[in-house]
Amino acid sequence: MKYDFKAIEKKWQDIWDEKKIFAASNDYSKPKFYPLVEFPYPSAQGLHVGHPRPYTAMDIVARKRRMQGYNVLLPMGWDAFGLPTENYAIKMGIHPAVVTRENIEKFRAQIKALGLNFDWGREVDTTDPAYYKWTQWIFLQLFKKGLAYKKEMAVNWCTSCKVVLANEEVVGGVCERCSGEVVRKVKSQWMLGITQYAQRLIDDLDGVDYVERVKTQQINWIGRSEGANADFGTTEGDVITVFTTRPDTLFGATYMVLAPEHPLLEKWAGKLTNAAEIKAYQDAAARKSDFERTEVAKDKTGVCLDGVTAINPVTEKEIPIYISDYVLASYGTGAIMAVPGHDSRDWEFARKFGLPIIEVVSGGDIEKEAFVDIETGTMVNSGFLDGLSVAEAKKQISAWLEDNDKGKSTVSYKLRDWVFSRQRYWGEPIPIIHCEKCGFVPLDESELPLMLPEVQSYQTTDDGQSPLSALTDWVNVPCPVCGAPAKRETDTMPQWAGSSWYFLRYCDPDNSDEIASKEALEYWMPVDWYNGGMEHTTLHLLYSRFWHKFLFDIGVVSTKEPYSRRTSHGMILGEDGVKMSKSRGNVVNPDEVVRQYGADTLRLYEMFIGDFEKAATWSGASIRGCERFLARVWGLADIVSGAGGLSPGLEGKFHKTIKKVTEDIESLKFNTAIAALMTLINDIYEKKSITKGELRIFLLLLCPFTPHIAEEIWERMGPGGMAALQSWPGFDEEKCKDDTVEIALQISGKIRARIDVPTDADREAVIALAKSAPEIAGAIDGKNIVKEIFVPGKLVNIVVS
RNA sequence: GCCGCAGUGGCGGAAUUGGCAGACGCCCAGGACUUAAAAUCCUGUGAUGGCAACAUCGUACCGGUUCGAUCCCGGUUUGCGGCACCA
């Protein structure tokens, strides 16, 4: 009988669909398991082979857990607002909603063709008004709690297209589309106060099971640092507050540096005799991104303020003030005290501008480089701090600053508030009305969803406003409070909005009265296992944790954290070893692989390709190994003999394989689980027969990985029911052990021989056996034995001198 | 530049609380089957030397700790992800 994967896969996909085999049950008495994959952005290109990797992985986990008796919710949806669809719409003149609908259809069909067991009854779409009603609702709650506010922020502005650009659309400082000049334009933007949750976002990582690199990256991104604010006087009487992590070096502060955007510069405009030079520098800085500005490799630049100087609060000496683009307005207070002796950026800057470098911590050579060690140095040239350690000096100077009312200890975070406005069409409208008299007025909740209106053009207006601002009928409304003429907010939300809470909606996707019912949230949340790409660690993952914490605070959800466990998959690279992209022409389309080899082979290959957590290179040739394996699986039906259970020759191997597959699935080691199944099938073929009982177990182990072929053979061999709904096979720990084990015999760390010893033999017995082995006996004869090392089941090492 | 991760045969990868490096698969070579080819099956396959048993070397590079290092420490280097309006 030929293995006709096309017919088999179609047959089972139809059965799963029609019978809704994988729909989560609303029986809240059963133990639940809620695994989650990141819902895709439905792009026009369709799926590429990178998508199925995490999907198949969680599908395998879900199928296995279902067989272990859990009520499983494995949902899928669409993160469908966003820039590429909007740009496509502008180019083709098609409504983004139409494009989105088509793309979703395509994605859904492709995903179904892979035999993934998503619960299609719970699909969500962030662009559906029934969904974004609740995205808007959450925004209103944030606004009411003061966590959404407006602030002047810079946006990228293409001077030629006259359009606001995303950072991604700015390539090398020019517009990606027209190569026109890009400048930073200041605009009033909605912001979300994620920084107020900074400490909790760090602290609560202790209570969740995230892979270490994700935790570390989030902690570093939030970037907590302890230090002090210090107030420097100026000859103008104004105070410049700086944040420093090294208040101990205050005596060594020989100049100050302000960010080019610092507000005091405008105030002092009249006093500065080199105003033109300053203006030119500010303009140049405005064209650079923060990323370009902080690159240390480049030469330090800056301008000294002529006409205003600062006063070091502890030495009371006058020191010059510079502006330089290596100081960012967005971090700390936008101003620093420069201590060139003990900060390498300040050191470079001081060298270039011929500024004095004073040593205040001894231990290095400040003629050669800044001395930044905080463990070993001793304070010098620092008045009352002299002779102290850095740590002690920090304490004393902080106390001095507070006592003299010149600053205080403080904590600063690198995390910045979230810029939440987009001057774009294809996003959720922000449900706020601006009234001259009443300020920003939230739309009444009864008016949600605030529908995204139809427009003529999806392009940003000539003055950088959202396309919605052209709709005067829509924009001009009476103020809900005082009735005076007022205007709607015309910016839309970023794509991150809809994806910050979608996992809640899956719990109860059709609810029109709430985000989801209390009972559904109580039962399903938190997500038990969320797998996604490392590239989402610092934005989506952090944003959604922030929203969830906010929803916890206002009593909508009852868990502090949305996800119990977070794992991360590696990317699938093209055959040339680099990221797949249309421009490189190395994209592999899963449809073609499915057509040629079948979904089961694709699934198996994607899981076998390598370490799930690392990037892997696609290989058209290697798929053949998985194809051969499935052909051998299909062939098992031909060598069935005997109905019974495990045969003597294979019993131990079956127990070991069950154990290996059971454990490896939970620890994301799909590749070695498959290798174990391959080893087992090799053993079966060597024996040339398999009992019905053995085949049954083999199929159950295989079922999560390659469900179609497993179901088909299961059905043909006739035990009845579906493989996917059987119980997961168990194993006996005792039967996983062999009677004897091969150990290595070493002399002073060099392997000299290998022998078999009883698995349960003790140290003395094994060492005696080792010494009697001819290679060892000869080597230790007449030598002085210094040490005997025994590692059970591994080796004996006899150290001689 | 900053933060995070990684570097193992011709290739994808396995093995780490420090204990036999290279499981499993691909490619390749030889053999079986076939008129022949494909498919399939069997055998071999890190490098060097040797008829062989075997020996020596070998986990990016340099150094350290240890009876023993792919694993721990210090340094270097290369590649990948992120850097806040791509998703």
Side-chain angles (χ1 to χ4, degrees), chain A residues 38 40-41 43 79 81-84 153 155-156 164-170 189 194 212-221 223 289-298 326 330 345 414-424 494-496 499 533-540 542-543 568 570-571 573 577-579 605 608-611 613-626 628-629 631-632 635 669 671-672 674-679 682 685 742-751 753-754 786-801:
Chain A
E38 287 170 342
Y41 177 73
S43 68
D79 188 16
F81 276 129
L83 196 59
M153 290 294 293
V155 295
N156 300 309
V164 175
L165 298 179
N167 283 348
E168 197 197 46
E169 297 175 298
V170 183
Q189 308 250 51
I194 189 172
E212 210 50 43
R213 57 193 169 134
V214 170
K215 278 192 187 180
T216 317
Q217 213 167 299
Q218 287 210 344
I219 289 168
N220 290 342
W221 179 260
S289 65
D290 285 358
F291 172 43
E292 289 169 310
R293 288 171 50 167
T294 50
E295 259 189 276
V296 167
K298 70 169 177 64
Y326 78 94
S330 53
R345 289 159 306 181
K414 284 209 178 70
L415 183 69
R416 310 206 287 261
D417 271 347
W418 175 2
V419 183
F420 200 69
S421 303
R422 299 292 183 273
Q423 294 70 49
R424 295 280 178 174
Q495 186 172 32
W496 309 112
S499 60
M534 275 310 285
E535 67 274 22
H536 293 117
T537 302
T538 53
L539 299 179
H540 160 67
L542 205 59
Y543 289 154
S568 223
M571 210 180 271
L573 307 172
V578 293
K579 194 171 167 174
Y605 176 62
F608 188 61
I609 192 167
D611 184 338
E613 304 195 72
K614 289 188 200 151
T617 307
W618 185 264
S619 162
S622 294
I623 300 173
R624 295 276 292 109
C626 294
R628 280 187 198 130
F629 171 73
R632 281 157 77 79
K669 293 163 89 171
N671 53 338
T672 51
I674 293 166
L677 289 168
M678 287 175 168
T679 307
N682 289 345
Y685 271 100
E742 192 190 59
I743 64 162
L745 305 182
Q746 299 183 336
I747 295 294
S748 299
K750 290 248 179 208
I751 291 167
R754 294 179 171 89
V786 179
K787 207 176 191 180
E788 292 170 345
I789 294 148
F790 169 62
V791 182
K794 302 281 185 186
L795 58 73
V796 168
N797 182 13
I798 298 174
V799 185
V800 296
S801 62

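What you are looking at is a predicted structure, and each value in this text was computed from that prediction instead of being measured. Lettering follows sequence order; numbering is per chain, from 1.
Atoms NZ (A/Lys614) and C1' (B/C5) sit 10 Å apart, rounded to a whole Å. As rounded to whole Å, 14 Å separates atom C1' of B/C83 from atom CD of A/Glu535. Between the P atom of B/A84 and the CD atom of A/Gln218 lies a distance of 17 Å, rounded to the nearest Å. Spacing between atom CG of A/Asp611 and atom C1' of B/U70 amounts to 15 Å, rounded to whole angstrom units. Between A/Arg416 atom CZ and B/C3 atom C1' there is a gap of 14 Å when expressed in whole angstrom units. As rounded to whole Å, 14 Å separates atom P of B/A23 from atom CD of A/Glu742. Distance NZ (A/Lys794) to C1' (B/A15): 9 Å, rounded to an integer number of Å. What separates CG of A/Leu539 from P of B/G82 is a distance of 10 Å, to the nearest Å.
Using a 4.0 Å heavy-atom cutoff across all strands shown, A/Ile789 reaches at least one base atom of the nucleic acid. The residue A/His536 sits close to a base: some heavy atom pair falls under 4.0 Å. Using a 4.0 Å heavy-atom criterion, one finds that A/Thr216 contacts the sugar-phosphate atoms exclusively. Contacts of A/Leu795 with the nucleic acid, taken as non-hydrogen atoms under 4.0 Å apart, include base atoms. Among the heavy atoms of the strands lying under 4.0 Å from A/Arg628 are primed sugar atoms or P, OP1, OP2 only; no base atom is included. Using a 4.0 Å heavy-atom criterion, one finds that A/Glu613 contacts no nucleic acid atom at all. Contacts of A/Gln423 with the nucleic acid, taken as non-hydrogen atoms under 4.0 Å apart, include base atoms.
A/Gln423 has its side chain within reach of A/Ser421: a pair of non-hydrogen atoms, C-beta onward, lies under 4.5 Å apart. Contact annotation: the side chain of A/Thr538 approaches that of A/Gln217 to within less than 4.5 Å [non-hydrogen atoms, C-beta and beyond]. Side-chain contact between A/Phe629 and A/Tyr605 is absent, with no heavy-atom pair separated by less than 4.5 Å.
The aromatic rings of A/Trp418 and A/Tyr543 lie parallel to each other, their planes meeting at an angle below 30°, with 60° marking the opposite boundary.
Between the side chains of A/Asn671 and A/Asp611, no donor-acceptor pair is found at a separation under 3.5 Å.
Comparing the C1' positions of B/G13 and B/A23 gives a spacing of 10 Å, expressed to the nearest Å. Spacing between B/U17 and B/A52 at atom C1', rounded to whole Å, works out to 42 Å.
If you check distances only, the side chain of A/Glu212 never reaches the base of B/C5 with a donor-acceptor pair under 3.5 Å. You'll find a donor-acceptor pair under 3.5 Å spanning the side chain of A/Arg754 and the base of B/C20, going by distance alone.
The shortest distance between the side-chain N/O atoms of A/Arg632 and the OP1/OP2 oxygens of B/C41 is below 4.0 Å.
Atom-to-atom distance recorded for A/Asp79:CG and A/Phe81:CZ is 10.0 Å, nearest 0.5 angstrom.
When distances run from any side-chain atom of A/Lys669 to the nucleotides B/G19, B/C20, B/A15, the shortest one goes to B/A15.
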